[in-house]
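Remarks on the structure that follows.
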Amino acid sequence: MNSMSNASHGALPSLVLFDLDDTLCDHYSSLRLRLRFAFEAAAAGYDEIDLDEIVEAAAVQSMTGTGHFSELLRSYGIDDPERVEQATERYLSDRFRGLVLFEESLDVIATVSRHTRVGLVTNGPSQIQRDKILRLAIGDLFPLILVSEEEGVWKPDPIIFQRALTWAGVAPHQAIYVGDSPEHDIAGAQAAGLQSVWINRRQRSWPGGAPPDHQIANLRELLTLLGIA
């Protein structure tokens, strides 16, 4: 893995920004646990239904809330308002079911923080993201936390990244952004002029568009990338 471009001159980036979901914490697995909990009772007695298939179909539309539950269940032959209501109630009963940090997250944040400034830039509703940060006990680790709803701008809009740069008083080329989403994280960081680091935990193929400056499989590889492992 090549070192960061500015590290070649003996200097670390002046600012390392992190995404939250599926970068620091395992939202991917948590969402599927939550959806399985929601649908397992609704699908009880329908032995021919593949619950994993329903969960994956729902996960694709997870950003739309629960409004699609009725149509989704109906498409699998479950046309029962009571079961839809039950699935909705179960889904909303534990928003952070199974949500945990990746095992290396705390150590990596602490290590990077000893060498340079860090910040967190996350998309999502303020209440949900702030509650998530509180639950994960990481709020004190970041002197800067930007949540899209609070900022009135969402990644990939470069404005939210520019606000982080302004806070730190650094130029775009002096900062990097680490995130899992090609569409929101990598494209947004590139639009703002930051170096981009794509964390690709599930070994996905790059979907197209301008590729990231760097790719890592887990956060520990970031330390090697920065030359501080």
Side-chain angles (χ1 to χ4, degrees), residues 15-38 55-69 72 88-102 105-106 108-109 118-168 175-192 194 196-202 204 207 212 219:
L15 178 65
V16 177
L17 298 170
F18 293 89
D19 170 50
L20 177 58
D21 294 311
D22 291 322
T23 297
L24 299 179
C25 65
D26 192 356
H27 173 72
Y28 179 93
S29 297
S30 172
L31 174 62
R32 282 153 180 80
L33 284 172
R34 188 179 172 199
L35 288 168
R36 176 172 289 276
F37 177 69
V55 167
E56 286 305 313
V60 172
Q61 302 182 66
S62 62
M63 293 299 290
T64 64
T66 61
H68 63 288
F69 279 12
L72 176 63
T88 301
E89 290 177 352
R90 287 168 71 95
Y91 183 75
L92 297 175
S93 67
D94 186 357
R95 186 175 295 279
F96 306 121
R97 176 175 291 268
L99 185 69
V100 295
L101 292 168
F102 291 107
S105 292
L106 290 178
V108 169
I109 296 167
V118 297
L120 182 68
V121 181
T122 177
N123 272 358
S126 178
Q127 182 176 350
I128 293 175
Q129 296 306 88
R130 289 290 179 178
D131 286 351
K132 193 179 298 180
I133 290 166
L134 181 63
R135 179 187 178 97
L136 296 169
I138 58 173
D140 291 342
L141 303 181
F142 293 101
L144 172 70
I145 297 176
L146 298 181
V147 180
S148 59
E149 185 179 60
E150 296 171 3
E151 297 300 313
V153 61
W154 294 58
K155 299 178 292 181
D157 194 315
I159 290 176
I160 196 167
F161 298 94
Q162 292 163 356
R163 288 178 183 171
L165 297 175
T166 298
W167 168 83
I176 68 170
Y177 188 77
V178 185
D180 71 291
S181 170
E183 176 185 1
H184 298 114
D185 298 325
I186 304 307
Q190 291 172 334
L194 285 72
S196 57
V197 180
W198 184 36
I199 183 162
N200 183 16
R201 295 182 182 275
R202 301 193 302 280
R204 296 172 290 166
L219 286 175

How would you list all residue pairs meeting salt bridge (charged side-chain N to carboxylate O under 4.0 Å, His left out) that involve residues 178-190, not counting sequence neighbours? K155-D185

Show every salt bridge (charged side-chain N to carboxylate O under 4.0 Å, His left out) that has at least one partner inside residues 20-34, sequence neighbours left out. D21-K132, R32-E56

Step through the shown structure and confirm whether more than 12 heavy atoms of other residues, nucleotides or ligands are within 6.0 Å of CD on Q127.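 Counting neighbours around CD of Q127, 12 or fewer heavy atoms of other residues, nucleotides or ligands fall under 6.0 Å, so no.
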
R135 atom CZ, neighbour heavy-atom count above 12 within 6.0 Å: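 Counting other residues, nucleotides and ligands, CZ of R135 exceeds 12 neighbours.
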
Rounded to the nearest 0.5 Å, what separates atom [atom1] in [X] from atom [atom2] in [Y]?
X	Y	atom1	atom2	result
I109	L120	CD1	CG	8.0 Å
R97	L31	CZ	CG	12.5 Å
N123	I128	CG	CD1	12.0 Å
T23	Y177	OG1	OH	6.5 Å
Q129	L146	CD	CG	12.5 Å

Once side-chain hydrogen bond (donor to acceptor under 3.5 Å, both in side chains) is applied, do any residues pair with H184, and if so which ones, sequence neighbours excluded?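 Partners of H184 under the side-chain hydrogen bond (donor to acceptor under 3.5 Å, both in side chains) test: S181.
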
So L20 and L136, do their side chains get closer than 4.5 Å, heavy atoms only? yes

Applying ring-ring contact (aromatic ring centres under 6.0 Å, His included), name anything that partners F102, two or more places apart in sequence or on another chain. none

F18 meets the ring-ring contact (aromatic ring centres under 6.0 Å, His included) criterion, sequence neighbours left out, with none

Any residue meeting side chain to side chain contact (heavy atoms under 4.5 Å, CB included) with T66, in chain and number order, not counting sequence neighbours: F69, T88, Y91, L92

Of all heavy-atom pairs between A164 and L15, which one has the smallest distance, and what is that distance?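 Heavy atoms only, the tightest pair is O-CD2, 3.9 Å.
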
